[in-house]
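Remarks on the structure that follows.
Not measured: the values here are computed from a predicted model.
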Amino acid sequence: MVRWAFPLKRCSAHPKKLGLLVAIFTLGYICIDRNIFFLDRVSSKLPRDILSVDSKYAGSAKNADEKVHLYHSGVDELHLSDLSKGVTEKEQENMKQTVQYLTLDDIKDGQVESHTKKFDGATMCPEVEDNPNMKGPIPQAVLLIDNLKESEVAAIHPELAPGGQWAPDDCKPRHKVAVIIPYRDRQSHLTRLLYFLIPILKRQKLDFRFIVTEQWGNDLFNKGRIMNAAFRLAERLGTECTIFHDVDMFPQDDRNPYSCPPAPRHLGAFVSNLGYQLWYKEIVGGALAISMADYRTVNGYSNMYWAWGGEDDDMGKRILSLNYTIERPNPITGRYSMLKHVKRKRTAPKLIYKLLEIAEQRVATDGLNETNKWNVVKMVVRPLYYHMYVDVGEVPEEWRGNGKDA
């Protein structure tokens with residue numbers, strides 16, 4: 001107070017200077033207060049809705065509050081292992097695109113999608129072959145765009161509900177579909193695929209949503225396990241069928257039906273890099289549509305294949321061994337373009353061949369019913385898809401290519 005007394009005493013003799021001083025202090029206070037209010041408004045819009053975190057993956061959580069506020073769903077239940085890490089540029093972009101964090105227990109009977117407007121009339125949507133909105137051949141120029149962002153795609157499609165969910169509001173959809181995309185380090189491909197598929201699925205008048213299933217960590221890839229995990233989410237969402245769709249597969253014609261098939265349908269049968277030829281009868285890779293009941297019957301994908309190759313051919317053998325017919329689309333309207341990318345290397349091809357020889361014998365014991373083969377580490381609802389992070393367990397040493405059977 002003593003330091004302020006002298007200037008105030010001098011200013012008291014000059015009313016204009018005193019008024020100017022008061023105005024400066026008042027303006028400064030208002031600016032500080034408004035800035036604090038603004039920052040509070042911004043922070044309130046950050047994703048803070050994490051519902052549970054698993055202690056197995058939590059590690060040190062001392063820095064967690066710097067990233068997001070945590071809520072515990074029970075004693076020692078934490079499910080987000082990366083909360084103790086620094087926020088990378090990719091994570092910042094993901095946080096911007098995050099609507100909500102969930103666990104499977106939070107999704108019951110599709111209630112998470114209850115906010116979506118549904119058609120309440122009796123008029124059924126047409127099947128693809130009877131739909132006048134189909135355009136036929138699709139321009140492939142978007143495949144050349146490699147800097148497309150998810151936020152840009154979401155801005156183009158504000159009609160989508162969180163999770164990339166959409167249903168027509170002018171007719172009752174005949175099919176409720178989950179498109180499951182196994183993913184690892186291919187963000188550019190994923191964004192282009194979503195941009196590409198959304199208009200097609202809308203024109204086909206489907207009730208659809210996307211599930212991106214990503215393996216946790218950087219060890220050898222196990223595609224079968226992360227797809228089985230995603231199927232369990234599709235069950236919770238109440239879908240009637242799933243379409244397992246590689247991230248680099250782009251349909252060339254929108255008349256290729258993404259609807260629920262009466263028997264397993266190999267959508268991706270005719271692919272550009274394979275000369276649009278069907279090379280063998282068991283092939284079901286690239287894009288496979290299958291009903292929920294049929295997927296359970298074949299016991300899902302095998303959990304035993306690591307690195308690249310085997311799991312799709314194993315699925316084809318499972319399907320045929322149970323006397324199913326593998327449907328395939330019209331060779332002209334069912335064509336796909338495949339984006340070029342660096343292929344994962346086969347680390348143990350002899351193991352793959354040995355497993356394929358006895359694929360039919362393992363149907364009952366190796367697959368969806370092995371609930372201890374994977375664990376969902378984190379699940380995020382983004383504007384364009386449900387994003388699952390799946391721990392697939394330890395890699396058997398013989399699959400690393402160091403043994404005599406590799």
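The shortest side-chain heavy-atom distance between E360 and I358 does not fall under the 4.5 Å cut-off. You'll find the side chain of P257 reaches within 4.5 Å of the side chain of R265, heavy atoms only. Side-chain contact between D314 and L356: present, with at least one pair of heavy atoms (C-beta onward) separated by less than 4.5 Å. In this structure, the side chains of V142 and L144 stay at 4.5 Å or more apart for every pair of heavy atoms. The closest side-chain heavy-atom distance from C260 to S291 is not below 4.5 Å. Two residues are said to be in side-chain contact when any heavy atoms from C-beta on lie closer than 4.5 Å; P383 and H157 fail this criterion. Contact annotation: the side chain of L339 never approaches that of L193 to less than 4.5 Å [non-hydrogen atoms, C-beta and beyond]. R328 places a side-chain heavy atom less than 4.5 Å from the side chain of I283.
Annotation for I243 and V177: closest pair CD1-CG1, 3.7 Å, computed over non-hydrogen atoms. Pairing each heavy atom of G367 with each of N228, the nearest pair is C-ND2, 3.9 Å. Smallest separation of non-hydrogen atoms from S337 and L143: CB-CD1, 3.8 Å. Between P182 and V247 the shortest heavy-atom distance is O-CB, 4.3 Å. In plain terms, the two heavy atoms of P264 and D294 that are nearest each other are CD-OD2, 3.8 Å. Smallest separation of non-hydrogen atoms from M388 and I211: SD-CG2, 3.8 Å.
Under the 3.5 Å distance criterion, with hydrogens and angles disregarded, a donor-acceptor pair is assigned to the side chains of D207 and Q165. Side-chain contact annotation: Y385 with E150, donor-acceptor N/O pair under 3.5 Å present. Side-chain contact of H266 with E282: a donor-acceptor pair under 3.5 Å is absent, judged by distance alone. Looking only at atom types and distance, the side chain of D391 has no donor-acceptor partner in the side chain of N375 under 3.5 Å away.
Atom CZ of R335 is separated from atom CD1 of I138 by 14.0 Å, given to the nearest 0.5 angstrom. With rounding to the nearest 0.5 Å, the separation of CG in L274 from CD in Q277 is 9.0 Å. Annotation: the span from K223 atom NZ to T213 atom OG1 amounts to 11.5 Å, rounded to 0.5 Å. Put simply, CG on L160 and CZ on F210 are 7.5 Å apart, with the number rounded to the nearest 0.5 Å. From E311, atom CD reaches atom CZ of F221 across 8.0 Å, with rounding to the nearest 0.5 Å. Interatomic distance, I198 CD1 to F208 CZ, rounded to the nearest 0.5 Å: 6.0 Å.
Screening K205, Q204, H175 for a side-chain hydrogen bond (donor to acceptor under 3.5 Å, both in side chains) involving E127 leaves a single residue, H175. A salt bridge (Lys or Arg N to Asp or Glu O under 4.0 Å) with D254 is found for exactly one of K135, K202, R203, namely R203.
A centroid separation of less than 6.0 Å is found between the aromatic rings of Y295 and F244.
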Between Y324 and R318, is a side-chain contact (heavy atoms from CB on, under 4.5 Å) present by the stated rule, with each step listed?
CA-CA 9 Å; Y324 282 105; R318 288 172 179 240; over 6 Å; no
Check the pair M292, T242 against side-chain contact (heavy atoms from CB on, under 4.5 Å), reporting the backbone distance first and the verdict last.
CA-CA 7 Å; M292 307 302 280; T242 55; 3.6 Å; yes
When you look at Y336 and N256, which way does the side-chain contact (heavy atoms from CB on, under 4.5 Å) test go after all the steps?
CA-CA 10 Å; Y336 280 77; N256 191 3; 3.3 Å; yes
Going through the distances and angles, do E235 and R232 end up as a salt bridge (charged side-chain N to carboxylate O under 4.0 Å, His left out)?
CA-CA 5 Å; E235 284 183 317; R232 289 303 189 193; 2.8 Å; yes
Please walk me through it: do V128 and Y258 pass side-chain contact (heavy atoms from CB on, under 4.5 Å)?
CA-CA 9 Å; V128 173; Y258 275 66; over 6 Å; no
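Judged purely by atom type and a 3.5 angstrom limit, E240 has no side-chain atom pairing as donor or acceptor with the backbone of G238. Between the R225 side chain and the N303 main chain, a donor and an acceptor come within less than 3.5 Å of each other. With hydrogens and angles disregarded, no donor-acceptor distance shorter than 3.5 Å links the side chain of D312 to the backbone of V284. In terms of modelled atom types and a separation under 3.5 Å, the side chain of N369 and the main chain of A364 share a donor-acceptor contact. Without hydrogens or angle criteria, N131 side chain to P126 main chain gives no donor-acceptor distance under 3.5 Å. The backbone N or O of D146 sits less than 3.5 Å from a side-chain atom of S188, completing a donor-acceptor pair. A donor-acceptor contact shorter than 3.5 Å links the side chain of N222 to the backbone of Y305. Side-chain atoms of K281 never come within 3.5 Å of backbone atoms of I326 as a donor-acceptor pair (strictly under, hydrogens ignored). Without hydrogens or angle criteria, N330 side chain to I332 main chain gives a donor-acceptor distance under 3.5 Å. A donor-acceptor pair under 3.5 Å is formed between the side chain of R362 and the backbone N or O of L355.
Heavy-atom neighbours of N372 CG from other residues, nucleotides or ligands within 6.0 Å: above the threshold of 12. For E394, the CD atom is loosely surrounded, since the number of other residues' heavy atoms within 6.0 Å does not exceed 12. Under a cut-off of 6.0 angstrom, the local environment of OH in Y195 is sparse, with at most 12 non-hydrogen atoms contributed by other residues, nucleotides or ligands.
Between H387 and Y183, the angle of the ring planes goes over 60°, which puts this pair in the perpendicular group of the 30/60° scheme.
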